[in-house]
2 protein chains.
Amino acid sequence: MPVTPPASAASLTPAQPRRRRKDARPAELLAAALEVFSVHGYAAARMEDIARGAGVSKGTVFLYYESKEALFRAVIEAAVLPHLDAGEALLRDDAPADRLMRELFEGTQRVLLDPLLSAIPRLVDAEAGNFPEVAAYYHEHVTRRVHALFGAVYARGLREGCFRAADVGVLCQLALAPLLYAGNWRRLPGVWEEACFDPETYCRTHVDMFMRGLSCAPEKQG
Amino acid sequence: MPVTPPASAASLTPAQPRRRRKDARPAELLAAALEVFSVHGYAAARMEDIARGAGVSKGTVFLYYESKEALFRAVIEAAVLPHLDAGEALLRDDAPADRLMRELFEGTQRVLLDPLLSAIPRLVDAEAGNFPEVAAYYHEHVTRRVHALFGAVYARGLREGCFRAADVGVLCQLALAPLLYAGNWRRLPGVWEEACFDPETYCRTHVDMFMRGLSCAPEKQG
DNA sequence: TCAGAAAATGACCAACGGGTCATTATTGGC
DNA sequence: GCCAATAATGACCCGTTGGTCATTTTCTGA
């Protein structure tokens with residue numbers, strides 16, 4: 001594999017003397033790990049680089065996470081679960097369903113256009129063959145929750161009579177796929193720039209087309 | 001990484017005596033490599049497994065491809081380019097644009113729902129951080145061609161007055177993303193089955209919604 | 001101030017896997 | 001049949017890297 005310079009530390013003033021910071025380490029390690037994993041993938045990520053990124057030595061990483069795989073799992077959980085909680089909070093809002101759906105899109109897009117966070121599904125997917133249990137966990141605790149969230153909003157729209165009937169699973173995938181993919185393209189140097197459309201236009205077009213396809217009301221466009 | 005049994009050979013009758021088959025080797029190696037790469041990703045794929053999958057010893061692989069990276073590139077080219085040729089042949093058909101667009105979808109879907117072929121974009125993407133030149137090549141020779149193909153059909157539809165105006169790059173991505181993602185989900189055991197919708201419904205729904213969103217004509221649904 | 005607890009280090013180990021090459025097996029021409 | 005020519009082998013080499021642990025440094029509180 002081509003040599004790549006080690007991941008530049010997130011918050012590393014050089015020659016920092018060693019410090020005991022038991023509480024701060026886990027979060028710093030998770031952040032550094034996500035950065036390295038997102039660039040190199042799981043297998044090609046070096047624990048040495050992750051450690052350097054967090055400003056510690058390699059040995060220290062293993063004081064907090066018992067193995068590379070354990071670190072990988074922890075990264076996924078820490079990066080994803082808070083956003084799911086935030087998403088589910090939306091359901092307590094009793095706005096009309098189409099408005100709720102657009103808010104759901106907006107939140108999802110905020111998460112998935114982040115180049116670090118968008119790496120998570122890509123990583124899980126890429127390693128599904130090597131870590132079937134991680135993929136199963138992800139499906140169980142993330143995908144399922146996302147679908148439930150989307151499904152709840154969709155069901156509300158059906159009751160209100162503003163959405164047309166369709167397979168909710170299919171719709172959910174169709175809603176998410178373009179956002180998941182956008183995250184990937186953004187990080188490729190040259191690709192996104194050449195296509196030269198901004199994320200805003202892309203997401204807005206997607207949401208508009210999707211909502212138009214979903215809607216029962218006769219269309220009125222501007 | 002968890003131990004996984006070696007890739008079962010595609011066409012390996014056991015204890016096959018060694019044979020000199022200079023012409024057949026490359027294709028067999030490419031097929032075996034794609035299979036192993038698609039399951040394990042690039043970094044975790046072992047040349048030993050690829051060799052076994054093709055019914056040869058590890059050393060033989062290096063007689064045909066000078067390195068793992070060269071094999072990786074060859075796999076990508078061999079898997080993708082023929083389908084691009086086929087796609088571009090569509091343009092010689094002078095059917096109306098919306099019909100052409102649906103044919104384009106159909107061809108794309110045939111390719112991307114294949115669990116092996118759908119691995120290609122995922123692999124390129126996952127390794128973009130480690131092999132920027134491969135990613136650049138892919139973008140240059142694959143993505144660009146796909147966009148040109150889609151763009152040609154779309155432009156025809158604009159001229160015929162049956163498509164509404166929008167950013168062609170955005171539209172192309174939106175058209176492809178759900179198909180690219182479908183390929184990923186299919187290979188995850190349990191995930192696809194639980195969602196229990198078949199690829200047909202998924203793709204048909206996507207195409208219908210997309211075409212409805214793209215169309216200028218007043219909608220008529222059944 | 002100092003002693004003991006515990007956080008951090010980095011030299012070290014062992015396994016793994018990409019890549020090599022001297023050797024062996026196969027084949028086609030004569 | 002026999003003999004180059006060459007396809008194929010697999011034991012071997014060695015750089016890389018996940019993971020360990022004896023040692024060093026930092027911190028706390030008495």
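Worth saying up front: this structure is predicted, and the values here are computed from it rather than measured. Just the heavy atoms: all of them, side chains too, but no hydrogens, waters or symmetry mates, feed the values below. The chains referred to below are lettered A, B, ... by the order of the sequence lines, with proteins before strands, and numbering in each begins at 1.
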Length of the CG-P vector between A:Leu71 and D:dG19, whole Å:
10 Å
Can you check the A:Arg25 CZ to C:dA8 C1' distance for me, whole Å?
8 Å
Calculate the interatomic distance between B:Glu48 atom CD and D:dC12 atom P; express it in whole Å.
15 Å
Rounded to whole angstrom units, what separation is found between the CD1 atom of B:Ile50 and the C1' atom of D:dG10?
18 Å
When B:Lys22 and A:Met47 are each assigned the nearest nucleotide of DNA chain D, the 5'-most assignment goes to B:Lys22
Answer with base, sugar-phosphate or nothing: what part of the nucleic acid does A:Ala70 contact at a heavy-atom distance below 4.0 Å?
nothing
Which of the following nucleotides, D:dG18, D:dT9, D:dG19, is nearest to the side chain of A:Arg46?
D:dG18
State, without any angle test, whether B:Tyr42 and B:Glu69 hold a side-chain donor-acceptor pair at a distance under 3.5 Å.
no
For the pair A:Asp167 and B:Arg204, evaluate salt bridge (Lys or Arg N to Asp or Glu O under 4.0 Å) and give the outcome as yes or no after the intermediate values.
CA-CA 12 Å; A:Asp167 182 314; B:Arg204 187 164 31 74; over 6 Å; no
For C:dA6 and A:Arg20 - does any side-chain N or O of the residue sit under 4.0 Å from the phosphate oxygens OP1/OP2?
no
Between A:Lys68 and D:dG18, is there a contact of a side-chain N or O with OP1 or OP2 at under 4.0 Å?
yes
A:Ser57 side chain near C:dT9 phosphate (N/O to OP1/OP2, under 4.0 Å)
yes
If the threshold is 4.0 Å, N to carboxylate O, is there a salt bridge linking B:Arg73 and B:Glu77?
no
Taking only N and O in the side chain of B:Arg18, is any of them less than 4.0 Å away from OP1 or OP2 of D:dT9?
no
More than 12 heavy atoms of other residues, nucleotides or ligands under 6.0 Å from CD of A:Glu88: yes or no?
yes
So, under a plain 3.5 Å distance rule, would you say the side chain of B:Lys58 forms a donor-acceptor pair with the base of C:dG18?
yes
DNA chain D: A:Leu63 or A:Ala43, which has the more 5' nearest nucleotide?
A:Ala43
Whole-Å distance between C:dG18 C1' and B:Phe37 CZ?
12 Å
Give B:Ala51 one of three labels, base, sugar-phosphate or nothing, depending on what nucleic acid heavy atoms sit under 4.0 Å from its own.
nothing
Can you tell me how far P of C:dT20 sits from CD of B:Glu66, to the nearest Å?
9 Å
Closest heavy-atom pair and its distance - A:Val142, A:Leu84:
CA-CD1, 3.9 Å
Atom-pair distance (CZ on A:Arg52; P on C:dT9), nearest Å
11 Å
Name the nucleic acid region contacted by B:Tyr64, choosing base, sugar-phosphate or nothing; use a 4.0 angstrom heavy-atom cut-off, strictly under.
sugar-phosphate
Between P on D:dA7 and CG on B:Asp23, what's the gap in Å once rounded to a whole number?
10 Å
